[in-house]
Amino acid sequence: SIPTSKAIVLGLFYGVTGAARVGITVGLLAALFHLPLVDAAGAFGLSIAWGWLGVGLFLGATVVLAPIAEELLFRGVLLPWLTGWMRPSWSIGFSAFVFALGHVYYGIGAVLIAFYGVVLGWARLRTGKLAAPIILHALLNATTAASLLAVSSH
């Protein structure tokens with residue numbers, strides 16, 4: 001078991017470095033095989049044009065509620081249940097796959113979500129707690145939302 005703070009730092013490192021590689025691979029696959037690829041902007045359409053209330057509600061839902069709810073379900077219930085009858089690496093992979101299925105609206109981009117599920121599952125098993133995956137998930141969603149808002153303001 002490692003401290004939550006160390007898991008968050010390592011998770012950010014793994015998430016950023018791995019996401020770049022997975023993102024490039026997904027982009028290439030989408031281009032080569034004409035697979036549907038929907039980015040977060042296409043999936044949610046977040047824009048500053050929503051006004052402060054709309055943006056605030058979106059941020060509350062995606063940066064606070066979704067990470068808590070999804071981590072309770074996928075890393076709080078599913079992952080421990082799976083580790084009860086399969087190897088931890090397999091349980092992380094399977095729970096990440098199920099997590100990605102919940103994000104199929106991203107098209108082939110759900111592969112990137114599966115990768116994030118692996119990082120979040122690793123953080124859960126390494127710390128034995130849900131704090132690290134919840135914080136990592138919130139940071140990921142906050143970064144995505146900030147990027148969408150930055151792009152929509154130009």
Side-chain angles (χ1 to χ4, degrees), residues 2 4 7-8 10-47 50 54-55 57-149 151-152:
I2 64 173
T4 299
I8 291 168
L10 287 172
L12 287 172
F13 174 74
Y14 297 147
V16 170
T17 58
R21 286 184 239 133
V22 172
I24 289 167
T25 303
V26 166
L28 288 172
L29 289 173
L32 287 173
F33 298 105
H34 306 291
L35 300 171
L37 180 61
V38 180
D39 61 10
F44 299 111
L46 176 62
S47 169
W50 287 10
V55 170
L57 289 171
F58 179 85
L59 292 176
T62 59
V63 177
V64 179
L65 296 178
I68 292 170
E70 290 181 353
E71 293 312 311
L72 284 172
L73 176 63
F74 292 105
R75 265 60 70 179
V77 176
L78 180 62
L79 184 59
W81 178 74
L82 290 169
T83 58
W85 58 277
M86 65 175 63
R87 296 173 63 187
S89 58
W90 282 94
S91 64
I92 289 172
F94 189 78
S95 67
F97 173 76
V98 175
F99 181 61
L101 286 177
H103 295 81
V104 293
Y105 47 86
Y106 283 113
I108 188 67
V111 172
L112 185 57
I113 303 300
F115 170 75
Y116 288 136
V118 169
V119 172
L120 296 168
W122 168 87
R124 167 64 162 103
L125 291 185
R126 287 302 308 253
T127 63
K129 301 174 189 168
L130 283 172
I134 288 171
I135 292 167
L136 285 167
H137 195 150
L139 289 170
L140 170 67
N141 287 6
T143 302
T144 302
S147 299
L148 292 174
L149 290 171
V151 168
S152 77

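Side chains are part of it too, since the values below use all heavy atoms of this structure and drop only hydrogens, waters and symmetry mates. Count residues from 1 along the sequence.
Atoms CG and CG, from Leu28 and Leu35 in turn, are 11.5 Å apart once rounded to the nearest 0.5 Å. Rounded to the nearest 0.5 Å, atoms CZ (Arg87) and CG (Leu82) are 14.5 Å apart. For the atom pair Glu71 CD and Leu136 CG, the distance stands at 8.5 Å (nearest 0.5 Å). Summarising the geometry, atom OG belonging to Ser95 is positioned 9.0 Å from atom CE belonging to Met86; distances are rounded to the nearest 0.5 Å. With values rounded to the nearest 0.5 angstrom, Leu120 atom CG is found 14.0 Å from Tyr14 atom OH. Between Leu29 atom CG and Ile24 atom CD1 the span is 12.0 Å, to the nearest 0.5 Å.
Nearest heavy atom pair, residue Thr4 against residue Ala131, reads CG2-CB, 4.0 Å. Scanning both residues, Ser47 and Leu149, for their nearest heavy atoms gives C-CD2, 4.1 Å. The nearest pair of heavy atoms linking Ala132 to Thr127 is CB-CG2, 4.1 Å. Residues Ala100 and Ala110 approach most closely at CB-O, 3.4 Å, considering heavy atoms. The two residues Leu59 and Ala145 have their closest heavy-atom pair at CD2-CB, 3.5 Å. Heavy atoms only, all atoms of each residue included: Val63 and Ala138 are closest at O-CB, 3.3 Å.
A cation-pi arrangement is absent between Arg21 and Phe115 under the rule of less than 6.0 angstrom and at most 45 degrees off the ring axis.
Open room surrounds CZ on Phe13; 12 or fewer heavy atoms of other groups in view lie less than 6.0 Å from it.
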Determine whether Ile113 and Tyr106 satisfy the following criterion, side-chain contact (heavy atoms from CB on, under 4.5 Å), listing intermediate values before the conclusion. CA-CA 9 Å; Ile113 303 300; Tyr106 283 113; 3.9 Å; yes
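Relative orientation of the Phe97 and Phe94 rings is tilted, given thresholds of 30° and 60° on the angle between their planes.
Annotation: side chain of Glu70 is in contact with side chain of His103 (closest heavy-atom distance under 4.5 Å). Within the 4.5 Å cutoff, no side-chain heavy atoms of Leu78 are placed close to those of Leu73. Contact annotation: the side chain of Tyr116 approaches that of Leu140 to within less than 4.5 Å [non-hydrogen atoms, C-beta and beyond]. Looking only at side-chain heavy atoms (C-beta outward), Arg124 and Pro80 come within less than 4.5 Å of each other. At least one side-chain heavy atom of Leu10 sits under 4.5 Å from a side-chain heavy atom of Trp122.
Checked against the 6.0 Å centroid criterion, the rings of His137 and Phe74 do not qualify as a close aromatic pair.
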